[in-house]
Structures are given as structure tokens and as C-alpha cells.
2 protein chains.
Amino acid sequence: MSVAIENFVKAIYKNNNNDVNDTKPGNIAKKLGISNAAATDMAKKLAAKNLLNYEKYQALQLTNKGEKMALNVIRKHRLWEAFLHKTFDMTLHEIHREAEFLEHETSDFLANKISDYLGNPKFDPHGDPIPNEKGEITTIDTSISLSNTQEGKQYIISRLMSDDKEFFDFCAQNGLKYGNSILVTKQFSKNKMTQISINNNTILLNEDFTNIIYVNDLN
Amino acid sequence: MSVAIENFVKAIYKNNNNDVNDTKPGNIAKKLGISNAAATDMAKKLAAKNLLNYEKYQALQLTNKGEKMALNVIRKHRLWEAFLHKTFDMTLHEIHREAEFLEHETSDFLANKISDYLGNPKFDPHGDPIPNEKGEITTIDTSISLSNTQEGKQYIISRLMSDDKEFFDFCAQNGLKYGNSILVTKQFSKNKMTQISINNNTILLNEDFTNIIYVNDLN
DNA sequence: ATTAATTTTTAAGCTTACTTAAATTTTTTA
DNA sequence: TAAAAAATTTAAGTAAGCTTAAAAATTAAT
């Protein structure tokens, strides 16, 4: 399917949260940076393709087929983000920009390869869920910040909640990457510091860092 | 620039080898699977953009600007091939198919990240040269087949010249991957076998394999 | 409950990247 | 070298994905 169509169903899916009116043509148009007229036009076309239900002046509603398409694109976007982040040490800002294009030119075959390579993660580096091949989503993110972890337990890094270049470089240099495994060796609760072991290195992190590094239980 | 334009200049560049007539609109049209009329049309448009020189009934000639664009796309194509091949153990056939799409949606920034990650290789897994960022090409491939290597020397794997699934799986399992380093420990010239060391494993390969595994000197 | 403001739709038009059909030019061949 | 074949160009037309402008409907405000 074309890039325009994929972006359209994706925008509807993403706007479908709070207010019903958020999926009206005008709001989708605003999100995509196109005119209202273009959005109405596209809505009619997609209704003919059975991707959404269109009724004059009403909010747009994705059909099952439309939602599947949206989830498929979102899956590819988030897999690329996770992959670029981990493989090339790119910041959260950079990976989003690239994934926005790559998502449309990725076969299901390649998406599965990326997913397997990453260990089929359920969440991307932003903490957003990655739909599986069938379009199923795990909604509850069990990630916790490093400051809330327990001594002696092993975790997998799930998020580095920052776009600060220095923080990011520090993480990359020390193997603190999305998907990598760490061991919490000591919690200095009084000083709000956490000691971890990664790749046989011991690192002591202060509050500034332990609050923005998120991890998942290893089981 | 659009996908159609990128593919057009790429097709001209790739056809510009033997016969001058190979870059006439009809031959480009055939290569791209479009009508001759469409090719003529596009040629005129690209001439207006100073990407090629167009004269009625004559072969199409890329300008410097057009050639740079072609080389940039080819660079991205081959970097993706090399990367997918090494990272996901995909066959030469599979990587080509994916790269054909990804090449158009890859920023120069990401292309450089991929190149750095691979160690800025000069040739892709098919043995085709990878232009550098400036569009410069190393034309002479110094690869030799494993059967022609010298005992005691270290090499970098540059090509696995086959699309046979079994051969490919064998290579992947044993770390015989594009870009990986190996040590030739013994040449059994009489039996036409080669013993190599890779990742602290010793593998004995017969003629069938040593003839289709290509390597480069490590210097 | 009107009026005003906003949103949605319709209508007409544009660009890109194609198509087919016919006209023109070039190339081949006898 | 003239006729036949092939390639190229021109012309007209199409679909996708937009635009702006005006009409119609909905929503908000007084």
C-alpha cells in the first residue's frame, strides 16, 4: 500500500484515544500536514478499500483491516527505532526521523528478522508497545526505573529516557544499551545511588541517571 | 528526490558500460519496466533539472550532478546489502530485494552509520564496489578465493558466492560471514582442502566451498 | 435560539508518473 | 538505396495525491 495510505491509517489509529472527534478529517489533516479537503478525499478512497468507515461529517473509524494495516506500520516503525538505537547508538530523536521513512519500505520478512534479532521485544526505546506479527499488543509496560530495582537481581534495559547527547554517549560507551542485560549489585538508598555490573564492569550511577534508565525484570 | 528519478539515473549509470546505445530511452525503459514514452518524458524532465543531457534520438548522458545522485543511491543499496547480509544472515537474493526499497529512504547520516559499523568496506557481498560518501569508487577488487590463500595469513571474508541455502546456513553457523576475519592455518594442496581458524574454531573446507568463499588481504 | 465561527465537503485545478496510439525519425536489411 | 522494421517522440489521457476557493453543515457563543 502507498506511503500516503499507510500514514493515513496510522494517524487515525494514533489519534483514536481520548476525544471521539480526534479522528475527524480535520484533525487527521492537521496531524499529516495536508488540507482538510485532501483528508476527506482520502477518507472516501479508503472507505472504498474497506480500510475505514466513512460517514459525512462524522469521525473516521478504522475497520479491522485498517487497524491491522496501522499496527503493521507501527510495528515496523518501532522495530526500526529499537534496532537503530541499539545498533548505531542513535538518539531517540534521530531514530524516530529515520524510522518514519523506513517503516514504509520494510517487508514483513525483514521486520521479523529485526524482531528476532532483538529478542522479540514488546516495547521500543520510547516505552511504546511493539505489536507482534498478528497485530497483538502488550499494553502494560512493566518497566521500572533503575532507582527502584532490587540488589542482586538481573534486568534488561528497556529505555533511556533522555535525548541529552552526553548522557547518551556515556550510556553507549558503557554498554548501557536498549536490550542489554545488567546486574544490580548494590542500592545505596541513603545517597540515592545504584551500583550495577555490566560486561564485567562495575558502574556507580547517581539519581540523575537512575531515574531515567528504565529496565525490565529478566523473566 | 523521488524514487522514480533515483531509479532512472541509477538505470542510466548501470547501463553505461559497453554499447553507447544502452542508455537510449528504450533500453532504460526496458530496464525499469516502463514504456518508451515514459522514459523520453522523464529524460526531458531530468534534463531540465540538469541531471542529464538530452538530445532527441540520442543516448542519455548523466551530468556530474546526475552521476553523483546515481552513485549515492548505489552506495546506499550496497551498504544495505552488506549490512543485512552480515547482520541477519540473509541470502544474496533476499538482500537485493530489500535493498531495492530501502536505498531510497535512507539518509546520508544513516548510510554513514552503516558504513562505519561495517568498517567502511569498499565492496559489497556480491563483489560490487561501494562508492564512498563523495561518490568515489575503488574499481579493482583484490578479493581471491579461499583456495588461493596462503598458510598462516589472516583474511577478511568479502564474498560468499552462492545462493544455496545449505551452504549459507553452514557459513552463518560457523561465523563465515561477510566482514569477519579468518586465519588460514593449512593448505592441503594435494587434496584441495583448506583449514581455517575462525572464532577459535578450526574448520576444514573442501574445494566446493573454498572456490566460492572470497577473502581480502588484511592490510 | 439565532448568529457567528469552525469544520467538512464539494468543485475545479495542479503535478508526477505513468499509459496507449499515432506520427516521426533512425536503423536495418534485402 | 529504397523499403521494412524498430526505436523515439509527440499527443492525449489516466490515477494518485495533493492544492485553493466556495458551498454546506456542524458546533460554539451570546
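Proteins come first, then strands; the chains are lettered A, B, ... in the order of their sequence lines, and each starts at number 1.
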(message) B:Val73 and side chain to side chain contact (heavy atoms under 4.5 Å, CB included): which single residue from B:Lys68, B:Glu103, B:Arg78 fits?
(response) B:Glu103
(request) Check whether any side-chain N or O of A:Lys45 sits under 4.0 Å from OP1 or OP2 of D:dA15, and answer yes or no. (result) no
(request) Find the distance B:Met42:CE to C:dC18:C1' and express it as a whole number of Å. (result) 9 Å
(message) If I take atom CG in residue A:Asn21 and atom P in nucleotide C:dT6, what distance separates them, rounded to the nearest angstrom?
(response) 16 Å
(message) Run A:Ile28 and A:Leu32 through side-chain contact (heavy atoms from CB on, under 4.5 Å) and show every step you take.
(response) CA-CA 6 Å; A:Ile28 301 302; A:Leu32 294 174; 3.8 Å; yes
(request) Answer yes or no: does a side-chain N or O of B:Lys24 lie under 4.0 Å from OP1 or OP2 of C:dT27? (result) yes
(request) Could you please name the option among D:dT9, C:dC18, D:dC18 that lies closest to any side-chain atom of B:Ile34? (result) C:dC18
(request) Would you kindly give the CD-to-P distance between A:Glu55 and C:dT7, to the nearest whole Å? (result) 21 Å
(message) Less than 4.0 angstrom between a side-chain N/O of B:Thr40 and OP1 or OP2 of D:dT8, yes or no?
(response) no
(message) Distance check needed: D:dT8 P versus B:Asn27 CG, whole Å only.
(response) 6 Å
(message) Base, sugar-phosphate or nothing for A:Lys56? Non-hydrogen atoms, less than 4.0 Å.
(response) sugar-phosphate
(message) Regarding A:Ala4, tell me which of base, sugar-phosphate or nothing describes its non-hydrogen contacts under 4.0 Å with the strands shown.
(response) sugar-phosphate
(message) Mind checking if A:Phe8 touches a base, just sugar-phosphate, or nothing, with heavy atoms under 4.0 Å?
(response) nothing
(request) With heavy atoms under 4.0 Å as the rule, sort B:Ala37 into base, sugar-phosphate or nothing. (result) base
(message) Closest approach to the side chain of A:Tyr57, judged atom by atom: which nucleotide of D:dA25, D:dT9, D:dG17 is it?
(response) D:dA25
(request) Could you check B:Asp41 against A:Ser35 and say which one's nearest nucleotide on DNA chain D is further toward the 5' end? (result) B:Asp41
(request) Could you tell me whether B:Lys76 and B:Asp108 make a salt bridge, using a distance below 4.0 angstrom between a side-chain N and a carboxylate O? (result) yes
(request) Pick base, sugar-phosphate or nothing for B:Lys44, based on heavy-atom distances below 4.0 Å to the nucleic acid. (result) sugar-phosphate
(message) Using OP1 and OP2 only, check whether a side-chain N or O of B:Ser2 sits under 4.0 Å from C:dT16.
(response) no
(request) Using whole Å, report how far CD1 of B:Ile28 lies from C1' of C:dC18. (result) 17 Å
(request) Please check if the side chain of B:Asp124 supplies one atom and the backbone of B:Ala82 the other of a donor-acceptor pair under 3.5 Å. (result) no
(request) To the nearest Å, give me how far apart CD (A:Glu6) and P (D:dA16) are. (result) 16 Å
(request) Take the protein atom CG of B:Asn36 and the nucleotide atom C1' of C:dT24, then report the distance between them rounded to whole Å. (result) 14 Å
(request) Kindly determine whether A:Lys122 and A:Asn216 satisfy side-chain contact (heavy atoms from CB on, under 4.5 Å), including the steps that lead there. (result) CA-CA 11 Å; A:Lys122 292 194 167 61; A:Asn216 252 310; over 6 Å; no
(request) Nearest whole angstrom, please: distance from the P of C:dT25 to the CD of B:Gln58. (result) 14 Å
